[in-house]
Chemist: 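Below: one structure in structure tokens.
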2 protein chains.
Amino acid sequence: MAEKITTRSADYSQWYIDLVRSAKLADYSDVRGCMVIRPNGYAIWEKMQTALDRMFKETGHVNAYFPLFIPESFIAKEAEHIEGFAPECAVVTHGGGEELAEKLYVRPTSETIIWSSYKKWIQSYRDLPILINQWANVVRWEMRTRLFLRTTEFLWQEGHTAHATPEESQEEVVRMINVYKTFAENYMALPVIIGKKTDSEKFAGAVDTWCIEAMMQDSKALQAGTSHNLGQNFAKAFDCQFQTRDGKLDYVWATSWGVSTRLIGALIMAHSDDRGLVLPPKLATRQVVIIPILKGDKAAVCEKAHAISRTLSANGIPAFVDDSEQNSPGWKFAEYELQGIPLRIELGPRDIQNGTCIVARRDTLEKTELALDDTLSVSISEILNAIQQNLFDRALEFRNEHTFEASSYSEFREMVENGFVIAHWDGTAETEAKIKEETKATIRVLPEEPDYISRYAMHEAGTCIYSGNPAAQKAVFAKAY
Amino acid sequence: MAEKITTRSADYSQWYIDLVRSAKLADYSDVRGCMVIRPNGYAIWEKMQTALDRMFKETGHVNAYFPLFIPESFIAKEAEHIEGFAPECAVVTHGGGEELAEKLYVRPTSETIIWSSYKKWIQSYRDLPILINQWANVVRWEMRTRLFLRTTEFLWQEGHTAHATPEESQEEVVRMINVYKTFAENYMALPVIIGKKTDSEKFAGAVDTWCIEAMMQDSKALQAGTSHNLGQNFAKAFDCQFQTRDGKLDYVWATSWGVSTRLIGALIMAHSDDRGLVLPPKLATRQVVIIPILKGDKAAVCEKAHAISRTLSANGIPAFVDDSEQNSPGWKFAEYELQGIPLRIELGPRDIQNGTCIVARRDTLEKTELALDDTLSVSISEILNAIQQNLFDRALEFRNEHTFEASSYSEFREMVENGFVIAHWDGTAETEAKIKEETKATIRVLPEEPDYISRYAMHEAGTCIYSGNPAAQKAVFAKAY
Ligand SMILES: [Zn+2]
Ligand SMILES: [Zn+2]
């Protein structure tokens with residue numbers, strides 16, 4: 001079995017690294033800042049991809065693929081974009097043994113290379129909308145890396161859409177941030193807040209950046225997905241005009257939106273514990289492990305274990321048996337807890353005689369006795385649903401308990417060490433920067449969800465927590481990953 | 001609709017390019033040698049990925065992801081490997097605004113970066129086998145490019161396995177080339193010959209390269225997939241030893257195998273015609289288009305068309321309706337023939353009265369009348385199966401008709417302009433090179449399939465077609481893509 005994992009209370013950062021490596025989710029490679037996503041980690045990404053890809057297609061999108069390389073002159077076409085991205089790019093200067101006439105940037109994001117194609121595809125309103133998604137790798141040079149959360153290369157999807165009107169593109173931006181929220185909450189069991197970023201936190205080249213913001217177990221914030229309203233910025237940069245329905249010329253309206261393998265880091269940090277990974281059943285490739293207790297008539301116990309496994313799998317519950325004699329049941333319990341298998345079935349000769357088995361939940365570690373009859377699949381399925389729901393409820397309760405409303409800056413400074421702080425903000429970048437400098441907390445999100453807004457009276461006018469100036473609204477502040 | 005497509009007989013190369021661009025499968029990008037895979041083309045790749053990924057998993061493989069960048073010193077560790085690949089690499093020299101201490105190669109293939117990880121993961125025979133596949137983009141600088149067939153960047157999968165014995169790795173090599181053959185024949189409807197490459201055509205760093213070789217409609221050969229026996233070459237290069245079952249130390253045995261988006265090019269060139277793409281039903285995201293003839297009671301015709309579409313889809317036959325009034329039925333017929341939709345249903349008010357519809361096959365362009373009753377889904381399904389089979393049969397017949405046995409070099413030179421030529425070869429690289437120089441034909445494959453071997457008496461000794469020296473076997477020669 002793997003090395004011991006540091007406890008969360010002892011050292012949260014070290015716990016995370018230990019867990020990722022012990023559960024064989026990922027590893028640093030010999031290339032600075034780049035990770036190897038190991039099969040256990042990649043399996044989570046595959047489950048995420050399948051769910052998201054279906055949701056993208058259900059909302060009318062298709063997949064395509066654009067080049068990895070972006071000519072320097074393209075990146076330079078949108079002023080804010082190059083300022084934001086050029087410093088963190090990897091640059092190809094040689095190809096096929098020769099120095100290139102123009103440097104190629106390894107894509108940090110694909111707006112520019114994609115809009116150079118869209119320009120050719122769009123002449124008239126009849127060519128719109130274009131609703132394309134791409135699954136790809138991207139590279140952003142990082143000085144301080146952390147597996148899954150911040151690495152030089154990562155995997156993601158990036159949607160890039162083109163529309164005839166600003167209303168349509170705004171609708172798309174909101175539609176996709178809601179798709180992300182549904183995915184985060186229903187699959188990852190991760191409660192998130194939808195809202196906008198402030199100007200200082202938005203995407204380089206966007207008019208508006210919408211995000212979903214989540215809380216980790218150390219009460220820090222993590223941005224889990226973004227959806228950008230790009231206005232006509234990229235269409236103007238690439239001179240992409242179209243003939244409108246009433247015969248005029250206009251620039252095309254754009255959006256882009258993405259989530260990445262960073263979500264795997266969020267998943268780990270939201271739910272896992274000192275024993276290892278805790279996976280929501282909907283993202284587990286293997287939902288049930290059956291461990292036969294090999295005493296007495298071993299063959300009979302194994303046979304029964306495999307029969308149960310087949311029945312569960314036939315009922316849509318992916319199960320497997322570990323009947324290796326090399327390792328003890330106790331070793332196996334620990335190993336599959338580390339790997340985050342949602343349910344464990346323990347099955348001994350006595351259980352079979354009694355017509356029962358012991359079922360242990362990964363989330364609560366609770367054990368229950370279940371009857372070994374026709375009701376088993378249904379019972380197991382109910383427990384898996386309960387785990388999925390419990391992970392969400394637990395995370396939401398944690399977030400609520402760690403969300404504070406500050407009425408003074410000194411209170412704010414204390415509270416922000418322990419969670420999200422809701423406070424009045426005067427709307428200036430200056431105040432935002434000062435607070436960041438003094439507390440390391442940033443404005444994570446200006447919520448756009450009616451429930452959240454009314455619960456915390458986000459739109460109530462007041463006095464800025466920092467400057468004392470009038471504030472039209474409150475913001476959610478936190479330290480973040 | 002799209003521009004006119006050049007006919008195959010007028011200019012086969014131009015036909016291919018016209019088709020790829022008119023059917024919106026792919027396009028050149030503004031980055032030299034790199035293509036944009038458009039949604040229609042990417043949809044084919046997604047179908048291929050789904051089928052292959054399932055076959056890989058059924059044979060025990062799991063997916064993972066390794067870095068895009070490879071340090072120069074890694075590529076250099078295997079002598080043949082660097083000689084083969086370094087000249088065609090894209091090289092990153094700057095990252096994060098600074099010049100790098102060591103150059104990074106954009107992966108042309110991942111043996112070296114993967115074996116630098118395997119070295120850390122493998123200590124004992126208990127850690128073996130490792131059966132990993134990766135879906136990724138790779139870059140090989142190309143001077144002369146052709147959409148899908150040869151581009152600087154392309155998408156592929158690369159399997160990389162590690163084994164305790166040479167027997168096991170050899171088994172894996174053969175298992176995977178057979179998986180590729182099954183995929184090519186059952187999904188792509190493309191008959192292929194399994195065999196080995198000669199030393200001059202094998203992978204840089206391999207002991208042996210197995211391949212599947214196919215014939216296109218211009219009777220040229222196309223290598224559709226490879227499976228390499230890497231022996232202990234990469235384990236030695238990365239000093240990857242393991243403790244064997246009997247307590248000794250040995251180097252690990254390796255294989256690698258891959259297919260790429262090149263298969264889309266093969267698919268097009270094998271089956272398509274002067275009207276456009278012809279897709280085997282198993283690789284078509286949309287198998288049936290229903291075109292209502294909008295005369296008389298338009299609403300009733302549309303309603304019936306949608307009802308048929310729903311019924312087919314519910315029976316596992318993805319169908320859709322084009323009831324737009326903007327374009328004529330004739331325009332639609334041509335457009336969906338161009339796009340390669342396997343079956344078209346034409347449905348007018350009179351058909352509905354008669355309780356029938358017209359069904360047109362894309363492969364033969366034949367029309368049949370079918371009854372609009374409960375038998376429709378079954379009938380459609382049978383026709384789709386017949387199309388899948390017919391495409392294969394037709395391609396196999398074409399290959400057989402264009403396979404010749406040469407008994408003299410002058411005969412050889414003529415025959416090789418029209419297909420595969422089977423001829424005695426003295427086994428030397430010198431003869432191979434001379435024939436290539438004089439005829440542009442290369443040895444495509446030394447067949448390893450009993451049927452093919454006996455049909456053409458491949459293992460019969462004789463006299464080399466070129467040198468007149470004794471020849472222990474025959475080889476399959478052809479001009480190739
Ligand atoms: Zn608001
Ligand atoms: Zn042989």
Side-chain angles (χ1 to χ4, degrees), chain A residues 24 26-27 29-43 45-46 53 62-71 74 86-98 100 103-104 106 113-114 116-117 120-121 126 132 134 136-137 139-143 152-153 155 261 326, chain B residues 24 26-27 29-43 45-46 53 62-71 74 86-98 100 103-104 106 113-114 116-117 120-121 126 132 134 136-137 139-143 152-153 155 261 326:
Chain A
K24 297 185 179 169
D27 219 336
S29 75
D30 290 314
V31 187
R32 221 185 118 288
C34 291
M35 66 178 159
V36 174
I37 306 180
R38 301 187 68 171
N40 288 350
Y42 201 84
W45 184 236
E46 286 181 284
D53 198 72
V62 288
N63 289 325
Y65 188 78
F66 295 85
L68 171 68
F69 297 132
I70 305 180
F74 283 23
E88 54 181 56
C89 281
V91 186
V92 174
T93 55
H94 292 72
E98 300 199 349
L100 304 179
K103 289 177 194 161
L104 296 175
V106 180
I113 192 74
I114 287 181
S116 78
S117 276
K120 296 176 208 158
W121 300 350
R126 280 188 217 89
I132 284 182
Q134 162 169 287
N137 54 341
V139 170
R140 297 177 186 176
W141 213 261
E142 290 286 353
M143 287 302 129
T152 290
E153 183 190 14
L155 305 181
T261 38
Q326 189 179 318
Chain B
K24 297 186 180 170
D27 217 337
S29 75
D30 290 313
V31 186
R32 223 184 114 290
C34 290
M35 66 178 158
V36 174
I37 307 180
R38 300 187 68 170
N40 288 350
Y42 200 85
W45 184 236
E46 286 181 284
D53 198 72
V62 288
N63 289 326
Y65 187 78
F66 294 85
L68 171 68
F69 297 132
I70 305 181
F74 283 23
E88 54 182 54
C89 282
V91 186
V92 174
T93 54
H94 292 71
E98 300 198 348
L100 303 179
K103 287 178 196 160
L104 297 174
V106 179
I113 191 74
I114 287 181
S116 77
S117 275
K120 296 175 209 159
W121 300 349
R126 281 189 217 91
I132 284 181
Q134 162 170 289
N137 54 341
V139 170
R140 296 177 188 177
W141 214 259
E142 289 287 353
M143 288 302 129
T152 290
E153 184 191 13
L155 304 181
T261 38
Q326 189 180 319

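Labels below follow one simple rule: chain letters A, B, ... track the order of the sequence lines, proteins then strands, and each chain is numbered from 1.
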Chemist: Taking every non-hydrogen pair under 4.5 Å, which of Ala43(B), Pro87(B), Ala136(B) racks up the most with chain A?
Modeler: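 That would be Pro87(B).
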Chemist: Can you find a heavy atom in the side chain of Phe69(B) that is under 4.5 Å from one in the side chain of Val139(A)?
Modeler: yes
Chemist: Report which part of Ser117(B) has an atom under 4.5 Å of a heavy atom belonging to chain A: side chain, backbone, both, or neither.
Modeler: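 The side chain, not the backbone.
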Chemist: Given heavy-atom pairs under 4.5 angstrom as the criterion, report whether the side chain, backbone, both or neither of Gln134(A) touches chain B.
Modeler: neither
Chemist: Among Lys120(A), Arg140(A), Glu142(A), who wins on heavy-atom pairs under 4.5 Å with chain B?
Modeler: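 Max contact count across the listed options: Lys120(A).
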Chemist: What I'd like to find out is whether the side chain of Ile132(A) reaches to under 4.5 Å of the side chain of Tyr42(B), using heavy atoms alone.
Modeler: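 No, too far: nothing below the 4.5 Å cut-off.
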Chemist: Where does Arg126(A) contact chain B at under 4.5 Å (heavy atoms): side chain, backbone, both or neither?
Modeler: side chain
Chemist: Name the option with the most non-hydrogen atom pairs under 4.5 Å to chain A; the candidates are Gly97(B), Ala26(B), Cys89(B).
Modeler: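 Winner by heavy-atom pair count: Cys89(B).
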Chemist: Quick one: what part of Trp45(A) sits under 4.5 Å from any heavy atom of chain B, side chain, backbone, both or neither?
Modeler: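 The answer is neither part of Trp45(A).
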Chemist: Mind checking the CZ-CE spacing from Phe66(B) to Met35(A)? Nearest 0.5 Å is all I need.
Modeler: 12.5 Å
Chemist: Does any heavy atom of chain A fall under 4.5 Å from the side chain of Pro67(B), the backbone, both, or neither of them?
Modeler: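 Interface part for Pro67(B): both.
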Chemist: When rounded to the nearest 0.5 angstrom, what is the spacing between CH2 in Trp141(B) and NE2 in His94(A)?
Modeler: 11.0 Å
Chemist: Heavy-atom distance under 4.5 Å between the side chains of Arg32(B) and Leu100(A), does that happen here?
Modeler: no
Chemist: Quick one: are Tyr65(B) and Thr261(A) in side-chain contact, heavy atoms under 4.5 Å?
Modeler: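 Contact flag for Tyr65(B)/Thr261(A) side chains = no.
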Chemist: Between Asp53(A) and Glu46(B), is there a side-chain heavy-atom distance shorter than 4.5 Å?
Modeler: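 Glu46(B) reaches Asp53(A) side chain to side chain.
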Chemist: Can you name the closest pair of heavy atoms from Asp30(A) and Pro71(B) and give their distance?
Modeler: O-CG, 4.4 Å
Chemist: Quick check on Ile114(A) against chain B: is it the side chain, the backbone, both or neither that has a heavy atom closer than 4.5 Å?
Modeler: neither
Chemist: Who among Asn40(A), Val62(A), Thr93(A), Leu104(A) has the most heavy-atom pairs with chain B under 4.5 Å?
Modeler: Thr93(A)
Chemist: Of the non-hydrogen atoms in Ala64(A) and Ile37(B), which two are nearest, and what is the gap between them?
Modeler: CB-O, 3.3 Å
Chemist: Is Leu155(B) in contact with chain A via its backbone, its side chain, both, or neither, using a 4.5 Å heavy-atom distance?
Modeler: side chain
Chemist: When you compare the side chain of Val106(A) with that of Leu68(B), does any pair of heavy atoms fall below 4.5 Å?
Modeler: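 Yes. Closest side-chain heavy atoms under 4.5 Å.
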Chemist: Identify which part of Lys24(A) has an atom lying under 4.5 Å from any heavy atom of chain B, answering side chain, backbone, both or neither.
Modeler: neither
